[in-house]
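What follows is a short report on a single structure.
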Amino acid sequence: MPKKQRTYNLSPSLHHRHVMDNTIPALAYDGGDARTWQRKLRRKLRQLVGIMPEERVPLNAETIWKREHPLGTIEKIVFTSETYVDVPAFVCLPKTAEPPYTFFICVQGHTTGMHNSIGVDRDDNTKPIDVPGDRDFGIGCMKRGIAALCIEQRSFGERRELVQKNIARHGCHDATMQALLLGRTLIGERVFDVDRSIDYLESRSDANMKKLGVMGNSGGGTISVFSAALLPRLKFAMPSCYFCTFRDSIMSIYHCMDNYIPGILNVAEMPDVMGLFAPKPVVLVAAKEDNIFPIKGVRKAFRALKKIYRAAGAEKHCHLVVGSEGHRFYADDAWPKMLKELGG
């Protein structure tokens with residue numbers, strides 16, 4: 001009788017899945033005191049996202065241009081985040097509101113850049129463009145009487161790699177690899193830019209620092225989640241098309257390198273990370289047909305997050321809205337929830 005052919009396990013993902021299935025995150029929320037748990041996990045998460053500067057260089061903010069807009073005014077600025085790191089941004093002030101303004105820091109994902117937030121061409125900011133998927137975050141804020149600081153993320157748009165030769169198709173791959181060699185992560189560096197954005201807003205006289213939020217879609221949703229978890233000056237968060245479980249998204253489907261933090265699954269799952277924002281209001285935006293952050297995983301993560309918010313006495317401030325299409329922002333679904341939290 002012929003010997004039965006053995007089945008060989010040759011794909012690396014099979015072993016990684018096995019390891020994940022047998023790993024219990026050491027700092028996952030266990031139902032105890034929420035504040036004590038948050039202090040422990042936040043301290044560890046800061047270590048995992050990498051080494052960032054303790055001393056802060058001067059912002060040296062300067063204006064590139066300023067223009068009137070039917071919804072208010074838009075000013076293009078540049079400020080310095082750290083040495084050899086300059087951050088272009090659009091400051092959008094609505095004409096229907098008075099200072100001090102409620103501000104949202106807006107971060108684009110894997111698009112061509114922050115120019116989408118105000119609906120203009122990347123290389124010619126005088127040329128209007130159509131922006132699909134409600135990704136014109138700055139315009140969306142102004143329509144609702146909210147000010148926006150729309151920053152360019154590292155490796156995207158005007159901050160794409162232009163010096164190094166022979167880079168990968170997505171420049172964030174090279175930036176992520178270099179950051180890892182330096183004990184950093186690109187997520188950590190991008191969160192630091194959000195932190196410096198808050199420094200910039202504090203330097204102005206027209207920002208209400210008690211009503212400061214962060215929002216973004218996809219890769220912008222990533223940084224919205226981690227910024228909310230790590231930056232206590234943020235008071236509101238609206239991440240879109242990122243919140244899920246690591247198991248059902250990053251660990252199951254091909255994703256860009258900039259989504260990864262070494263060792264995080266040994267410590268926590270994504271709802272634990274988002275849970276560091278409790279009890280502050282969060283509106284999570286998801287999509288019914290999102291193939292890279294599947295809705296089943298989103299709902300599982302949201303149930304876990306609700307437990308954390310319940311323990312923090314803030315379950316009513318934790319919201320999930322689900323758009324009917326694919327991987328995009330859903331302004332008409334998300335903003336009513338957020339405006340209610342803002343008291344607008």
Strictly by modelled atom types, are Q178 and Q164 linked by a side-chain donor-acceptor pair under 3.5 Å?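 Yes, because at least one side-chain N or O of Q178 sits under 3.5 Å from a partner of the opposite role on Q164.
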Counting neighbours of CZ on R35 that are heavy atoms of other residues, nucleotides or ligands and sit closer than 6.0 Å, is the number greater than 12? no
Ring of [Y], cation from [X] - is the NZ or CZ under 6.0 Å from the centre and inside 45° of the axis?
| X | Y | result |
| --- | --- | --- |
| R328 | Y330 | yes |
| R190 | F156 | yes |
| R39 | W37 | no |

How about F293 and F243: are their ring centroids closer than 6.0 Å? no
Do F137 and W335 have their ring centres less than 6.0 Å from each other? no
Counting C-beta onward and ignoring hydrogens, is there a side-chain heavy-atom pair between Q153 and M114 closer than 4.5 Å?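 They are not in contact (no side-chain heavy atoms under 4.5 Å apart), so the answer is no.
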Do you know the tightest heavy-atom contact between D193 and S81?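 Answer, listing the atom of D193 first, then S81: OD1-OG, 2.6 Å.
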Heavy-atom closest pair, residues I146 and T102: CG2-O, 3.4 Å
Using 4.0 Å as the upper bound for N to carboxylate O, is an ion pair formed by R154 and D258? no
Do NZ/NE/NH1/NH2 and the carboxylate oxygens of R122 and E158 come within less than 4.0 Å?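 No, R122 and E158 are not salt-bridged.
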